[in-house]
Asks: 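After the structure tokens below, expect a handful of questions from me.
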Amino acid sequence: MIQIKDFKDNIGIEIVVHGWTANRRSSKRLEFIVLRDGSGFAQCIVDANNVDERTYKNAKLTNQETSVKITGTVVKDDKQIGGYELHVSDLEIIGTSNNYPVTNKKHGVEFLIDKRHLWLRSKRQWAIMRVRNKLIYSIHNFFQKEGFVQADAPVFTGNACEGTSTLFASEFYGETAYLTQSGQLYGEAMALALGKIYTFGPTFRAEKSKTRRHLSEFWMIEPEMAFYNNDMNMDLIEKFIKYVLKDINENCKYEFEILRRDTGSFEKIINTKFPRLTYDNAVKILKGELEINGKTTIETLEQDLEDVKRGIVERKKEIAEREKIIAGGVKRGKRNFLQNKINNFKNEIKDLEIKAKNIPSWIKSANEFEYGNDFGGSDETVITRMFDVPVMVYNWPHKIKAFYMKRDNDAPELAKGVDVLAPEGYGEIVGGGERETNLELLIEKIKGHNLPMSDFEWYLDLRRYGSVPHAGFGLGLERLIAWICKLSHIRETIPFPRMYKRLFP
RNA sequence: UCCUCCUUAGCUCAGUUGGUUAGAGCACCUGACUGUUAAUCAGGGUGUCCUAGGUUCAAGUCCUAGAGGAGGAGCCA
């Protein structure tokens, strides 16, 4: 069976292809069917002069998402997306489709997410799922090449290690079990058995968050390396991000074209050393006390605000011009075209107005930031605004970090953690660090966090028997996809998102 | 848990200071057009205006409560 992706090897040959009609247009004796088969998209032409009556009639009967078996000759045509089209000689309908709900027009979020099982068929979602697939493959390739062993942590756990409020409880032979929110502790045990490991599995957080960057179920990659300190950890993170980005950039050109993702920034990220900021310096940058390329964050944001305001004025002008033309009276096609343009401008204005409202509050929040706190979402956006590449922030106040994070011997207030902040306002995509090896400090920390000591005895054994320096990090797959595809919401990065109050479909 | 906004046709949305019979585009059907890229052109009809209560001569529009949704805060990857 030939797939659309194989058309390039079958020019001039009559082949059979199975798929669905993504769209159909017609003129007097011609039917243009955009076929999708999962491997790609291709236009199929049914010419009434060249096919029997049954095939032409079938072609006219196809609607959006009718499944078909098409026989035809592959022809090169540079005008087509993908570069090839099919001249049909026979068309058979396999399954009909009437009133398909997810049309090629605009839909609202609620409707689309209710119809997620069908939404997945649309071109944009197809492209995202393919990027996701390539990214997963690339992640495995990287770690396997680096000598890591994939070793998975359990999904059911008895440890309530970071408070039960964010855990999903389940029943396990009469005991309460929780769905894992991190494989990290198990990762440490496995690293001490296998050297360098990575987990790759689903993670669950019962956070009642309704934001564009939260899922209740998401996939996390958690590498853990024996004999690594935090500097080595940061080197690995940087190498890792560059590797997958280069790979994706080379192998997903078609997908990025569909997503209209400008990949120009990837080249720079691949070839630039990521800035490594201590928490102290990150705070100074945030508060405008440290200049980057001769500018403070505050100056940069004020400039941004002016640009945004000017953008709004310009778009309002564009709208007014087009409304004047419509008021003067034009044909339907032209009017629709202009109206669509106007609607696009209106949406852009909406986004800009949100920005115009946000920027002053970002500046305020940045100014009022208190040393010792964790960065909020807007603070991360402000810091990353100053760079075109991912930024690493390390040496955090230990008080705001997890109990297992290694304290700095020279600066006891600090912990050797690292967060990687993605550019373009995508926030934290990686969190990690060196792990505490001092048994007494760990016990003290566990008590300090009011965690049940008995649940952690197995973990403390790792420090009792052949303890070594080790480090690792956690990467949220969906946040990485959202950034790479420049999506406005994380729900599009996973086939069936599980979010607060969203269990179906 | 808190704050802001939204809910009108299958879908996306208009609907003015409350005022006749609630509108448009798309989708769908018919017809026109030899190559279209969300094709275009002509025609065809559809509503518990989220629910309940209230104010009023009159409510899609105002008020109260509730349900559902979206964004954000907190928390986080």
Side-chain angles (χ1 to χ4, degrees), chain A residues 22-34 41-50 60 63-64 75 77 79-82 85 87 98-115 122-123 162-163 165-166 181-182 184 203-222 331-337 339-340 343 346-347 350-351 354 357-358 361 365 373-378 380 400 402 419-422 426-432 473-483 488-491 493 499-502:
Chain A
N23 196 8
R24 177 167 66 91
R25 295 175 287 274
S26 61
S27 76
K28 181 158 182 161
R29 302 292 289 168
L30 293 167
E31 295 293 323
F32 301 93
I33 291 169
V34 177
F41 296 81
Q43 176 165 277
C44 304
I45 290 120
V46 184
D47 186 338
N49 296 326
N50 296 336
K60 277 206 170 300
N63 291 321
Q64 194 183 358
V75 175
D77 181 357
K79 274 189 297 186
Q80 301 305 325
I81 298 175
E85 63 177 19
H87 289 192
N98 294 311
N99 297 319
Y100 184 73
V102 186
T103 63
N104 288 323
K105 307 295 172 183
K106 215 186 156 191
H107 296 288
V109 168
E110 189 185 357
F111 177 79
L112 285 172
I113 206 81
D114 281 342
K115 299 274 183 283
S122 65
K123 207 175 208 171
E162 287 173 47
S165 65
T166 63
Q181 56 179 351
S182 165
Q184 135 105 56
T203 309
F204 308 87
R205 306 241 171 124
E207 290 161 356
K208 290 178 181 171
S209 296
K210 282 169 74 81
T211 81
R212 60 181 69 220
R213 50 182 202 286
H214 283 87
L215 288 169
S216 299
E217 177 183 295
F218 63 96
W219 288 69
M220 198 149 65
I221 296 99
E222 293 182 284
K331 284 200 169 182
R332 202 168 84 183
K334 178 90 174 165
R335 193 177 69 220
N336 287 349
F337 180 79
Q339 194 58 53
N340 284 341
N343 292 342
K346 279 185 179 170
N347 282 333
K350 247 184 223 170
D351 289 345
I354 289 169
K357 223 174 81 184
N358 281 340
S361 66
S365 152
N373 287 342
D374 205 350
F375 297 126
S378 76
E380 290 176 354
I400 55 171
D419 280 2
V420 179
L421 307 179
Y426 280 89
E428 187 182 342
I429 50 169
V430 168
F473 63 92
L475 169 99
L477 178 67
E478 285 76 16
R479 283 196 182 171
L480 184 64
I481 298 169
W483 165 49
S488 58
H489 201 295
I490 199 163
R491 69 182 142 231
T493 61
M499 297 176 292
Y500 181 52
K501 291 205 172 179
R502 175 64 73 173

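Each chain gets a letter, A, B and so on, in the order its sequence line appears, and its residues count up from 1. Note that the structure is a prediction, hence the values are computed from the model and not measured.
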Asks: What integer number of Å spans the P atoms of B:A39 and B:C28?
Replies: 10 Å

Asks: With nearest nucleotides of RNA chain B determined for A:Gln43 and A:Leu475 from heavy-atom distances, which residue corresponds to the more 5′ nucleotide?
Replies: A:Gln43

Asks: Counting only side-chain nitrogens and oxygens, does A:Arg491 get under 4.0 Å of the OP1 or OP2 atom of B:G71?
Replies: yes

Asks: Classify the nucleic acid contact of A:Val430 as base, sugar-phosphate or nothing, counting any heavy atom under 4.0 Å across all strands shown.
Replies: sugar-phosphate

Asks: For nucleotides B:U16 and B:A59, find the distance between their P atoms and express it as a whole number of Å.
Replies: 16 Å

Asks: State, yes or no, whether a side-chain contact exists between A:Thr203 and A:Trp219 at a heavy-atom distance under 4.5 Å.
Replies: no

Asks: Of the candidate nucleotides B:A77, B:U1, B:G35, which contains the atom at the shortest distance from the side chain of A:Lys208?
Replies: B:U1

Asks: Tell me: NZ of A:Lys210 to P of B:C2, nearest whole Å?
Replies: 14 Å

Asks: Nearest-Å distance, CG (A:Asn63) to P (B:C28)?
Replies: 6 Å

Asks: Between B:C76 and B:U37, how far apart are the two C1' atoms, rounded to whole Å?
Replies: 44 Å

Asks: Just to be sure I understand the rule, does A:Asp419 reach a base, reach only the sugar-phosphate, or reach nothing, if contact means heavy atoms closer than 4.0 Å?
Replies: nothing

Asks: Just checking A:Lys60: does its NZ atom have more than 12 heavy atoms from other residues, nucleotides or ligands closer to it than 6.0 angstrom?
Replies: yes

Asks: On RNA chain B, nearest-nucleotide positions of A:Asn23 versus A:Met220: which is more 5'?
Replies: A:Asn23

Asks: Taking any heavy-atom pair under 4.0 Å as a contact, classify A:Leu480: base, sugar-phosphate, or nothing.
Replies: nothing

Asks: Considering only the C1' atoms, how many Å lie between B:C62 and B:C49, rounded to the nearest integer?
Replies: 16 Å

Asks: In this structure, how many angstroms lie between the C1' atom of B:A73 and the CG atom of A:Asp374, rounded?
Replies: 14 Å

Asks: Is any side-chain heavy atom of A:Asn373 closer than 4.5 Å to a side-chain heavy atom of A:Ile400?
Replies: no

Asks: Suppose you measure atom C1' in B:C33 against the same atom in B:G43; what distance do you get, rounded to whole Å?
Replies: 16 Å

Asks: Out of B:U37, B:U1, B:G71, which nucleotide sits closest to the side chain of A:His489?
Replies: B:G71

Asks: Looking at B:A39, B:A70, B:A73, which one has an atom nearest to any side-chain atom of A:Arg213?
Replies: B:A73

Asks: For B:A77, is there a stacking contact with A:Phe218, counting only centres under 5.5 Å and planes under 30°?
Replies: yes

Asks: Please give the stem ranges for RNA chain B, sorted by first residue number, where a stem is three or more consecutive Watson-Crick or G-U pairs and both donor-acceptor distances are under 3.5 Å.
Replies: B:1-7 with B:67-73, B:10-13 with B:23-26, B:28-32 with B:40-44, B:50-54 with B:62-66

Asks: Taking the side chain from A:Ser209 and the backbone from A:Thr211, do they hold a donor-acceptor pair closer than 3.5 Å?
Replies: no

Asks: State, to 0.1 Å, how close A:Ser216 and A:Tyr500 come at their nearest heavy-atom pair, and which atoms those are.
Replies: OG-N, 3.6 Å

Asks: Taking atom P of B:G71 as reference, at what distance in whole Å does atom CE of A:Met499 sit?
Replies: 8 Å

Asks: Using whole Å, what does the distance between atom P of nucleotide B:A73 and atom CZ of A:Phe375 come to?
Replies: 16 Å

Asks: Side-chain contact test, heavy atoms from C-beta onward, threshold under 4.5 Å: evaluate it for A:His489 versus A:Val109 and give yes or no.
Replies: no

Asks: Atom CG of A:Leu421 and atom P of B:C76: how far apart are they, to the nearest Å?
Replies: 14 Å

Asks: Given atom CG of A:Asp77 and atom P of B:U37, what is their separation to the nearest angstrom?
Replies: 13 Å

Asks: Is there side-chain contact between A:Val34 and A:Gln64, with at least one heavy-atom pair below 4.5 Å?
Replies: no

Asks: The side chain of A:Leu30 is closest to which nucleotide in this list: B:G68, B:U34, B:A77?
Replies: B:U34

Asks: Measure from the side chain of A:Thr211, starting at C-beta and using heavy atoms only, and say which of B:G71, B:C29, B:G72 lies closest.
Replies: B:G72

Asks: For a quick check of understanding: with a heavy-atom distance under 4.0 Å over all strands, which category does A:Gln184 fall into, base, sugar-phosphate or nothing?
Replies: nothing

Asks: Give me the atom names and distance for the closest heavy-atom approach of A:Arg205 to A:Ser182.
Replies: NH2-CB, 4.4 Å

Asks: When the distance from CD of A:Glu428 to P of B:C75 is rounded to whole Å, what number comes out?
Replies: 12 Å

Asks: If you take all heavy atoms of A:Gln181 and A:Phe204, which pair is closest and at what distance?
Replies: CB-O, 3.4 Å

Asks: Taking only nitrogen or oxygen atoms into account, show me every contact under 3.5 Å that the protein makes with nucleotides 8-14 of chain B, one pair per line with its distance.
Replies:
unit_1: B:C11; atom_1: O2'; unit_2: A:Lys106; atom_2: O; d: 3.3
unit_1: B:C11; atom_1: O2'; unit_2: A:His107; atom_2: ND1; d: 2.4
unit_1: B:U12; atom_1: OP1; unit_2: A:Gly108; atom_2: N; d: 3.0
unit_1: B:U12; atom_1: O4'; unit_2: A:Lys106; atom_2: O; d: 3.2

Asks: When the C1' atoms of B:G60 and B:A14 are considered, how many whole Å apart are they?
Replies: 12 Å

Asks: Could you report the tightest heavy-atom contact between A:Glu380 and A:Glu428, atom names first, then the distance?
Replies: OE1-N, 3.3 Å

Asks: Taking the side chain of A:Lys501 as its heavy atoms from C-beta onward, which of B:U34, B:G69, B:C76 lies nearest to it?
Replies: B:G69

Asks: With distance as the sole criterion, do the side chain of A:Glu31 and the base of B:G35 form a donor-acceptor contact below 3.5 Å?
Replies: no

Asks: Side-chain N or O of A:Arg25 less than 4.0 angstrom from OP1 or OP2 on B:U36?
Replies: no

Asks: Can you name the closest pair of heavy atoms from A:Asp419 and A:Gly431 and give their distance?
Replies: OD1-CA, 3.7 Å

Asks: Under 4.0 Å between a side-chain N or O of A:Arg212 and OP1 or OP2 of B:G72?
Replies: yes

Asks: The criterion is side chain to side chain contact (heavy atoms under 4.5 Å, CB included); which residues satisfy it with A:Leu112, sequence neighbours excluded?
Replies: A:Val102, A:His107, A:Trp119

Asks: When the C1' atoms of B:U51 and B:U46 are considered, how many whole Å apart are they?
Replies: 23 Å

Asks: With respect to the side chain of A:Arg479, which nucleotide from B:G35, B:A70, B:A77 is positioned closest?
Replies: B:A77

Asks: Distance check, C1' atoms only: B:G54 and B:C75, in whole angstrom units.
Replies: 41 Å

